[in-house]
Amino acid sequence: MNDLRKIVADLHAELVRYNLVVWTAGNVSGRVPGEDLFVIKPSGVSYDELTPENMVVCDLDGNLVEGEHSPSSDTAAHAYVYRNMPDVGGVVHTHSTYASAWAARGEAIPCVLTAMADEFGGEIPVGPFALIGDDSIGQGIVQTLKGHRSKAVLMQNHGVFSIGKDAKAAVKAAVMCEDVARTVHVARQLGDPLPIAQDDIDRLYDRYQNVYGQRSPR
């Protein structure tokens, strides 16, 4: 548990490093392996003040189990994702500028870059508008991403939620989401971006997910 607290605390610095958050907005959470618990950022605490000790632990109903601070205001959304997507080990929320601009338009980011095909396996979809405060946002995330290759969703009029096999993978998806959102936005200022054929998207996604990078010896 202490190791996960440190991992989650440290990953918040990546949101700042990649300019995905401002002030106290945004959050990272990580599922506790083998338990119905997750670690998440406390609400309203400055990124400069985040430590492993002030991370909070919640159950999968979003109830505070351990910690001296109130959990993030997005805790109910994270909890709903963990309850309903058992393979998800990490959830991230940001209001990153370019991706949130697409969310403000309620428009999916089309798959016009090989990097999108690699990481997301297609477009980055839009989820429904939902108010914060209960698990409505979580329902929209699950409804949109279940059965979808994308590890990120643009929640309409809100921002980005991303998922991953662990917290680090979810942060990577959030970083990549903003990167491609910016590039595709710039491309649209110059003209109409060229779509990638579905067969090529499938091949790119398979190569990146199953061949790219270092593999453990069998």
Side-chain angles (χ1 to χ4, degrees), residues 4 7-8 10-21 26-31 33 78 81-82 84-94 96-103 107-127 140-155 159-188 190-218:
L4 184 59
I7 289 168
V8 171
D10 289 350
L11 282 170
H12 283 86
E14 298 300 296
L15 302 189
V16 176
R17 181 156 77 102
Y18 287 99
N19 297 313
L20 304 187
V21 295
N27 39 70
V28 178
S29 71
R31 188 194 292 266
H78 289 240
V81 172
Y82 288 127
N84 290 276
M85 301 182 80
D87 291 338
V88 170
V91 180
V92 172
H93 174 45
T94 79
S96 59
T97 303
Y98 284 88
S100 294
W102 288 86
E107 184 177 358
I109 304 173
C111 189
V112 295
L113 296 166
T114 59
M116 288 190 69
D118 288 346
E119 183 71 26
F120 301 103
E123 71 172 19
I124 299 175
V126 174
I141 297 166
V142 171
Q143 168 191 320
T144 307
L145 293 185
K146 250 192 174 177
H148 201 292
R149 285 174 175 171
S150 178
K151 295 296 185 282
V153 55
L154 312 174
M155 293 301 287
V160 177
F161 281 84
S162 60
I163 59 175
K165 62 183 177 59
D166 53 29
K168 183 177 181 180
V171 169
K172 179 191 176 188
V175 171
M176 295 299 295
C177 179
E178 178 64 5
D179 183 60
V180 299
R182 179 174 58 248
T183 303
V184 179
H185 169 78
V186 171
R188 294 221 319 197
L190 302 172
D192 293 327
L194 302 174
I196 300 174
Q198 186 61 52
D199 285 351
D200 291 329
I201 291 173
D202 293 343
R203 283 195 288 270
L204 287 161
Y205 182 74
D206 179 69
R207 180 200 65 88
Y208 188 75
Q209 300 298 321
N210 299 308
V211 178
Y212 175 81
Q214 303 301 310
R215 300 287 156 178
S216 300
R218 294 174 185 267

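With sequence neighbours excluded, the residues satisfying side chain to side chain donor-acceptor pair (under 3.5 Å) with Glu14 are Arg17. Looking at residues two or more places apart in sequence or on another chain, you find no ring-ring contact (aromatic ring centres under 6.0 Å, His included) involving Phe120. For Asp10, the salt bridge (charged side-chain N to carboxylate O under 4.0 Å, His left out) criterion is met by Lys6, not counting sequence neighbours. Every side chain to side chain donor-acceptor pair (under 3.5 Å) that Ser96 has, sequence neighbours left out, goes to Thr94, Glu178. Listed by chain and number, the residues in a side chain to side chain donor-acceptor pair (under 3.5 Å) with Asp206 are Asn210 (sequence neighbours excluded).
At least one side-chain heavy atom of Tyr82 sits less than 4.5 Å from a side-chain heavy atom of Val91.
Nearest heavy-atom pair, Cys177 versus Leu154, reported as atom, atom and distance to 0.1 Å: SG-CD2, 4.0 Å. Looking at every heavy atom in both residues, Asp118 comes nearest to Gln209 through O-NE2, 2.9 Å. The minimum heavy-atom distance between Val112 and Pro195, with the atom names listed, is CG1-CA, 4.0 Å.
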Please table the atom pairs, donor to acceptor, closer than 3.5 Å between any side-chain atom in residues 161-176 and protein atoms at least two apart or in another chain.
| from | atom 1 | to | atom 2 | distance (Å) |
| --- | --- | --- | --- | --- |
| Ser162 | OG | Ala170 | O | 2.7 |
| Asp166 | OD1 | Lys168 | N | 3.3 |
| Asp166 | OD1 | Ala169 | N | 2.8 |
| Lys172 | NZ | Glu119 | OE1 | 3.2 |
| Lys172 | NZ | Tyr208 | OH | 2.7 |

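No side-chain donor-acceptor contact under 3.5 Å links His12 to the backbone of Asn27. Formation of a donor-acceptor pair under 3.5 Å by the His148 side chain with backbone atoms of Thr144 is not found in this model.
The pair Glu123-Arg149 fails the salt-bridge criterion, with no side-chain N (NZ, NE, NH1 or NH2) lying under 4.0 Å from an Asp/Glu carboxylate O.
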